Undergrad: 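Take this structure, written in structure tokens, and hold onto it; I'll ask about it next.
Treat the numbers as computed from the prediction; the structure is a model and nothing was measured. Atoms within a ligand are numbered from 1 in the order they appear, just like the ligands themselves.
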Amino acid sequence: MPAKRDPALPVKSALPPILLVGCGRMGGAMLAAWLEHGLAPSVVVDPVPRLPPGAEAAVTLAAAAAIPVAFAPAAVVLAVKPQQAEGVLPAFARFAGSSVFLSIMAGRTLGGMQAALGPNAAIVRAMPNTPAAIRAGMSVACAGPGVDEAGRRLSETLLAAVGRVAWVEDEALLDPVTAVSGSGPAYVFLLGELLERAGIEQGLPADLARLLARRTIAGAGALLEAGEEDAAALRAAVTSPGGTTERALSVLMDERAWPSAISRAVAAATERSRELSG
Ligand SMILES: NC(=O)c1ccc[n+]([C@@H]2O[C@H](COP(=O)([O-])OP(=O)(O)OC[C@H]3O[C@@H](n4cnc5c(N)ncnc54)[C@H](OP(=O)(O)O)[C@@H]3O)[C@@H](O)[C@H]2O)c1
């Protein structure tokens, strides 16, 4: 008699075969997550791949020319550096029409990739972020013309393995997405650095300042993630009239301080993302 499945245990969904092009920081993190989800035998193309543990089941090749003719991936995931795209993409054009392409390359547009992969290529362009390495990522995806429901679903499944996924219809929105969630982890890391430094300036031992800064950011982030409340409501809830938080916020919320700096930073990153697009 088959054992009864414990409903509390997650079901391991088998993923179809994937061709991963570029197995660096982000490609490697995604591969690690897919392997945990039961990835079917797949192929990785990268001259020096950063293979995660358990990746032995995947065939690793240095170049596209070595891919077995019979290999039929359900998706070709493009995870090389954007500046490598031009030289790399044409070698994968033969999969157009039979696989969906999922690109995580920053700034490489659907139109630019279509020109390299051919008119039949069904391409999803996505922007993940670094917390993907611990399955806490945020990806935003945009489907190009010709992506069918199955291609969209598979792309969503592959991205969801490393975090949350949202879709946009308008590709131009990927520039502000890049500025908010793509570059965003760096802004939070900067806050960590500055909070730690300010704690030391106020007399805290360095290791305690570091611990407080890190745990405060991680804990506040978890609190924000856990509830439905707006960030502004959570902020108000910890701000007693006349107290210490209110005094600090009067500095940070001065119109020339954080409200203006964050807005200018995101505008500058959006502008840079547009400049780099092609
Ligand atoms: N890291 C992030 O937070 C993040 C966030 C959003 C989007 N992305 C995007 O993800 C992509 C990868 O970024 P990453 O940080 O993972 O970069 P990475 O660590 O440099 O990974 C790229 C990998 O591709 C390999 N490669 C180079 N030429 C190749 C070729 N001809 N065929 C196959 N593989 C080749 C590289 O090998 P070598 O090192 O030997 O050159 C490297 O292992 C980028 O397009 C980036 O825009 C990254």
Undergrad: Quiz question for you: does at least one protein heavy atom lie closer than 4.0 Å to atom 39 (O) of ligand 1?
TA: no

Undergrad: For the backbone of Ile18 and the side chain of Ser42, can you confirm whether one donor and one acceptor N or O come within less than 3.5 Å of each other?
TA: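 Present.
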
Undergrad: Should you measure from each heavy atom of Pro82, which atoms of ligand 1 turn up under 4.0 Å away?
TA: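 Result: 44 (C), 45 (O), 47 (O).
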
Undergrad: Just which atoms of ligand 1 are under 4.0 Å from any heavy atom in Ala79?
TA: 11 (C), 12 (C), 22 (C)

Undergrad: Do Asn129 and ligand 1 have an N or O pair less than 3.5 Å apart?
TA: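 So ligand 1 has no N or O lying under 3.5 Å from an N or O of Asn129.
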
Undergrad: Under 4.0 Å from a heavy atom of Pro47: which atoms of ligand 1 are those, numbered in the order shown and with their elements?
TA: 29 (C), 33 (C), 34 (N), 35 (C)

Undergrad: When only distance counts, is Val21 in polar contact with ligand 1, meaning an N/O pair under 3.5 Å?
TA: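 The answer is no, given that Val21 and ligand 1 share no N or O pair closer than 3.5 Å.
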
Undergrad: Protein heavy atom under 4.0 angstrom of atom 21 (O) of ligand 1, is there one?
TA: yes

Undergrad: Taking distance alone, with N or O pairs closer than 3.5 Å, would you say Arg50 contacts ligand 1?
TA: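 N/O-N/O distance under 3.5 Å: no.
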
Undergrad: Heavy-atom contacts under 4.0 Å between Val88 and ligand 1: side chain, backbone, both, or neither?
TA: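 Within the 4.0 Å criterion, Val88 contacts ligand 1 through side-chain atoms alone.
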
Undergrad: For atom 27 (C) of ligand 1, which candidate among Met105, Gln84, Met30 provides the closest heavy atom?
TA: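 The nearest heavy atom belongs to Gln84.
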
Undergrad: Going by an N to O cut-off under 4.0 Å, is there a salt bridge joining Glu156 and Arg153?
TA: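 A salt bridge is absent here (no side-chain N lies under 4.0 Å from a carboxylate O).
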
Undergrad: Check each heavy atom of Met127 against ligand 1 and say whether those closer than 4.0 Å belong to the side chain, the backbone, both or neither.
TA: side chain

Undergrad: Identify, by atom number and element, the atoms of ligand 1 in contact range of Pro128, meaning under 4.0 Å from any of its heavy atoms.
TA: 5 (C), 6 (C), 7 (C)

